[in-house]
Amino acid sequence: VAPSMWLYLRDLGGNQRVYSIALAAFLVGRVVALPCVGFWAHCRDFGEVFRALVSLGLVASGLYSLSAWAVSPWMVVIGRGLLGVASAVSVATASFVALHTSKEERTRYLGINQILSNGMRVCGPGMNVIFVMLPVWDPLKNAASSQGV
């Protein structure tokens, strides 16, 4: 993600400072969110925490991907920070698995979770590349040209 993100940010008018901030935003978001998500998962239903963080991750990925249409490198920074917060779902998931499995099953389920998590780390940036490489579609421009404006 990091090498392609530099090219993406540069195309959006960002510089090395914005790139550094975008890299740090994910880590800061994750570090700040980890204890909060752990506490939230302890006090509330796991499903609530999981749904909220997965939804946040989808919104954050959308911001990252759609920043090309808005031509804003700062949307990338915000998206990366929110992705960092959403990535704290791993704490809630590990806690859920630990509470709901026997010691014998735990390693297996945590392993499955780790495989899925690592797979998504590859698929997420891959999907962003696909979205960024799609031709820019401007529905307002297309509507105006079809009406002869």
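Below, each value reflects all heavy atoms present in this structure, side chains not excepted, and no hydrogens, waters or symmetry copies. Numbers here simply count residues along the sequence, with the first being 1.
The main-chain N or O of Val91 is never found under 3.5 Å from a side-chain atom of Ser95 such that the two would form a donor-acceptor pair. Listed for the Glu48 side chain is no donor-acceptor partner under 3.5 Å among the backbone atoms of Asp45. The closest donor-acceptor contact from the side chain of Arg106 to the backbone of Thr101 lies under 3.5 Å. Although no hydrogens or angles enter the test, the distance criterion places no donor-acceptor pair under 3.5 Å between the side chain of Arg44 and the main chain of Val49.
In this structure, Val18 and Ile21 have side chains that are not in contact, with every pair of non-hydrogen atoms separated by 4.5 Å or more. Proximity of His100 to Phe46: side-chain heavy atoms (C-beta onward) are nowhere separated by under 4.5 Å. Side-chain contact between Leu53 and Val37: present, with at least one pair of heavy atoms (C-beta onward) separated by less than 4.5 Å. The closest side-chain heavy-atom distance from Tyr19 to Leu23 is below 4.5 Å. Between Ser72 and Leu12, the closest side-chain pair of non-hydrogen atoms is not below 4.5 Å. Counting only heavy atoms from C-beta outward, the side chains of Val85 and Val32 never approach each other to under 4.5 Å. No side-chain heavy atom of Phe39 sits under 4.5 Å from any side-chain heavy atom of Pro35.
Leu27 CG to Arg80 CZ: the interatomic distance, rounded to the nearest 0.5 Å, is 7.5 Å.
Side-chain N/O atoms of Trp6 and Gln16 include no donor and acceptor closer than 3.5 Å.
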